[in-house]
Chemist: 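Questions regarding the structure given below will be posed in turn.
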Amino acid sequence: MQYVSTRGEAPVLGFSDTVMAGLARDGGLYVPREWPHFSATEIRAMRGLAYPDLAIRVLTPFLGGEIAAPVFERLVREAYATFRHPAVCPLVQLDTGRFVLELFHGPTLAFKDVAMQLLARLMDHVLAERGERATIVGATSGDTGGAAIDAFAGRERTDIFILFPHGKVSPVQQRQMTTSRAANVHALAVEGNFDDCQGLVKGMFNNHAFRDRVALSGVNSINWARIMAQIVYYFSSALSLGGPDRPVSFTVPTGNFGDIFAGYAAKKMGLPIERLVIATNDNDILARTLADGEYRTRGVVETTSPSMDIQVSSNFERLLFEASGRNPAQVRRYMDGLKQGGAFTIEAGELDRIRSEFDAGRATMDETAATIRSTLSAGGYLLDPHTATAVHVAAGQAGGTPMVLLGTAHPAKFPAAVEAASGVRPALPAWLGGLMSAEERFTVLPSDLKMLEDYVSRHTRAAS
Ligand SMILES: Cc1ncc(COP(=O)(O)O)c(C=O)c1O
Ligand SMILES: N[C@@H](CCOP(=O)(O)O)C(=O)O
């Protein structure tokens with residue numbers, strides 16, 4: 001399996017190099033040169049597999065033979081042994097035809113753990129084989145950071161630097177990043193919003209001299225392995241609901257477009273998915289884009305679903321690449337428009353192609369709170385605010401096909417918003433009991449690329 005950049009001007013890479021590269025050197029994102037495909041018979045044969053076995057089956061075609069089967073199997077099993085539910089990602093019925101796919105049973109209570117626990121092990125393996133070290137930088141609006149720090153803490157071959165927007169993440173999210181005692185962990189509070197943090201990370205990748213000097217690698221969903229690992233739970237949930245003999249739809253709380261792009265990938269691999277529904281909060285750039293074809297950034301609005309407070313939705317570039325018939329020149333045109341004028345207009349045929357697979361809707365903060373309240377009173381299920389956006393948006397979808405709502409975070413990560421909406425204050429699981437009293441350690445930095453690069457250079461052990 002080979003991987004190509006959405007912008008077509010970076011080297012074509014194999015799996016291990018793609019995992020270590022993060023962002024392509026031309027600023028694009030890596031995607032598989034072609035989609036692996038499973039027949040209905042092959043998918044049917046996946047029924048009843050335990051989650052790690054399913055992950056091995058679904059993901060092996062992406063490895064291109066670069067990681068020996070017994071090694072990959074061990075990494076997958078170790079990754080999912082960190083989850084506290086035997087099904088790893090259980091499916092819970094909300095009511096007739098609606099199901100929540102609970103993705104928050106990992107160490108940091110958000111769906112990011114599903115991919116991050118595997119990615120850290122994959123990177124460690126590749127670095128050990130090569131006898132190398134790497135510097136990892138990541139941007140977070142709250143959940144990626146904690147998941148990455150948990151997965152990489154104490155790993156000898158990596159130093160990890162996580163940029164989070166100062167004062168804009170929930171207290172639980174902040175402490176998951178700032179209470180690590182591991183020497184290789186650096187939590188950096190940036191004076192800006194998530195888009196600033198993500199822009200700084202991309203800026204570091206696009207400074208090739210810096211990138212090479214510190215052996216830079218990334219763990220955001222710009223890294224293909226993040227998307228890859230998230231494909232598995234689309235298969236597990238569809239199989240539980242009768243797939244491949246019964247199509248299902250998914251509604252996905254969306255920010256950086258990574259999670260829902262994994263659903264698109266599952267569909268390309270042969271899984272019968274009817275609709276992929278994008279749910280946004282007030283930061284509704286994707287809902288607006290699907291409505292009128294114009295991708296136009298506005299200022300980020302702070303909401304009660306802070307992890308989705310994003311305007312520049314990185315993985316949308318992967319969808320544009322697909323919708324354009326894999327035309328990197330077209331993607332470059334769009335990305336130039338975004339850089340120069342903060343906007344671009346999607347060509348009509350491409351927009352039709354996107355609309356043939358995706359719907360989109362928005363939940364305001366009031367609608368999100370009302371959904372938390374009504375879902376609790378209807379059946380006793382307590383939603384987190386991100387999952388609630390999906391439940392609200394899915395309510396506007398035509399019925400008939402089972403709807404899987406991606407439960408992307410545990411409500412206890414956002415106790416204030418959940419309590420304000422429902423009157424119920426969700427408690428952290430007992431095994432996270434010490435989190436809120438542990439000592440914090442983080443550095444506040446301005447949103448300045450040069451200062452960030454200096455900080456990383458001075459603190460990484462991977463600099464040459
Ligand atoms: C809880 C939660 N829900 C939804 C999202 C959106 O996911 P994506 O960025 O993959 O679209 C995020 C962050 O990305 C998140 O942390
Ligand atoms: N919501 C995310 C934002 C970063 O997304 P990623 O999936 O690209 O890592 C977060 O919680 O940090």
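Atoms within a ligand are numbered from 1 in the order they appear, just like the ligands themselves.
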Chemist: Please round to the nearest 0.5 Å and tell me the distance separating atom CD of Q198 and atom OG of S313.
Modeler: 8.0 Å
Chemist: Which residue owns the protein heavy atom closest to atom 3 (N) of ligand 1, what's the atom, and how far is it?
Modeler: T408 OG1, 2.8 Å
Chemist: Would Y3 and Y30 count as a close aromatic pair, with their ring centres under 6.0 Å?
Modeler: no
Chemist: Just to be sure I read this right, does ligand 2 sit under 4.0 Å from the backbone of D143, its side chain, both, or neither, counting only heavy atoms?
Modeler: both
Chemist: Taking 4.0 angstrom as the limit and counting only heavy atoms of R226, give me the atoms of ligand 2 inside it, by number and element.
Modeler: 6 (P), 7 (O), 9 (O)
Chemist: Let me confirm one number: the NE2-CG distance from H410 to D143, rounded to the nearest 0.5 Å.
Modeler: 12.5 Å
Chemist: Got the closest protein heavy atom to atom 10 (O) of ligand 1, with its distance?
Modeler: D259 N, 2.9 Å
Chemist: Closest non-hydrogen protein atom to atom 11 (O) of ligand 1, residue and atom name please, with distance?
Modeler: G255 N, 2.7 Å
Chemist: State the atoms of ligand 2, each with its element, that fall below the 4.0 Å cut-off from a heavy-atom position in T140.
Modeler: 10 (C), 11 (O), 12 (O)
Chemist: Check whether any heavy atom of K112 sits under 4.0 Å from an atom of ligand 1.
Modeler: yes
Chemist: Report, in ascending order of atom number, the atoms of ligand 2 lying under 4.0 Å from any heavy atom of T144.
Modeler: 2 (C), 4 (C), 5 (O), 6 (P), 7 (O), 9 (O), 10 (C), 11 (O), 12 (O)
Chemist: For F257, is at least one N or O under 3.5 Å away from an N or O on ligand 1?
Modeler: yes
Chemist: Please state whether F111 comes within less than 4.0 angstrom of ligand 1, counting heavy atoms only.
Modeler: yes
Chemist: Going through the checks in order, is the ring-ring contact (aromatic ring centres under 6.0 Å, His included) test met by F104 and F111?
Modeler: CA-CA 5 Å; F104 48 73; F111 79 99; over 10 Å; no
Chemist: Does some non-hydrogen atom of G142 fall short of 4.0 Å from ligand 2?
Modeler: yes
Chemist: For residues A287 and A360, report the shortest heavy-atom separation together with the two atoms involved.
Modeler: CA-CB, 3.8 Å
Chemist: Specify whether H459 and Y455 have parallel, tilted or perpendicular ring planes, treating 30° as the upper limit for parallel and 60° as the lower limit for perpendicular.
Modeler: parallel
Chemist: Going by the atom numbers of ligand 1, which of them fall below 4.0 Å from some non-hydrogen atom of G258?
Modeler: 8 (P), 10 (O), 11 (O)
Chemist: Nearest to atom 4 (C) of ligand 1, what protein heavy atom do you find, and at what distance?
Modeler: P253 O, 3.4 Å
Chemist: Ignoring hydrogens, just give me the one of D143, T387, N256 whose non-hydrogen atom is nearest atom 9 (O) of ligand 1.
Modeler: N256
Chemist: Any atoms of ligand 1 less than 4.0 Å from a non-hydrogen atom of H386? List them with their elements.
Modeler: 1 (C), 2 (C), 3 (N)
Chemist: Against heavy atoms of K112, which atoms of ligand 2 measure under 4.0 Å?
Modeler: 1 (N), 2 (C), 5 (O), 6 (P), 7 (O), 10 (C), 11 (O)
Chemist: Is the shortest N/O to N/O distance between N315 and ligand 2 below 3.5 Å?
Modeler: no
Chemist: Are E322 and E350 packed together at the side-chain level, in the sense that at least one heavy-atom pair is separated by less than 4.5 angstrom?
Modeler: no
Chemist: Before we go on, tell me: are the rings of F161 and H186 under 6.0 Å apart, centre to centre?
Modeler: yes
Chemist: What pairs of residues pass the side chain to side chain donor-acceptor pair (under 3.5 Å) test when at least one of them lies in residues 370-381, not counting sequence neighbours?
Modeler: E102-Y381
Chemist: If the plane angle is over 60° it's perpendicular, under 30° parallel, otherwise tilted; pick one for Y51 and Y80.
Modeler: perpendicular
Chemist: Please check whether Q198 reaches ligand 2 - meaning an N/O of the residue sits under 3.5 Å from an N/O of the ligand, judged on distance alone.
Modeler: no
Chemist: When you measure from atom 8 (O) of ligand 2 to every protein heavy atom, which one gives the shortest distance, and what is it?
Modeler: S221 OG, 2.5 Å
Chemist: Rounded to the nearest 0.5 Å, how far does CD of Q311 lie from CG of D284?
Modeler: 7.0 Å
Chemist: What pair of heavy atoms forms the shortest contact from V418 to P411, and how long is it?
Modeler: CG2-O, 3.8 Å
Chemist: For the rings on F62 and W224, is their centre-to-centre separation under 6.0 Å?
Modeler: yes
Chemist: Tell me whether ligand 2 is touched by S141 - counting only heavy atoms on the residue side and a distance under 4.0 Å.
Modeler: yes
Chemist: If you count the atoms of ligand 2 from 1 in the order shown, which ones are under 4.0 Å from a heavy atom of F194?
Modeler: 3 (C), 4 (C)
Chemist: Below 4.0 angstrom from a heavy atom of A409, which ligand 1 atoms are there? Numbered from 1 as shown, please.
Modeler: 1 (C)
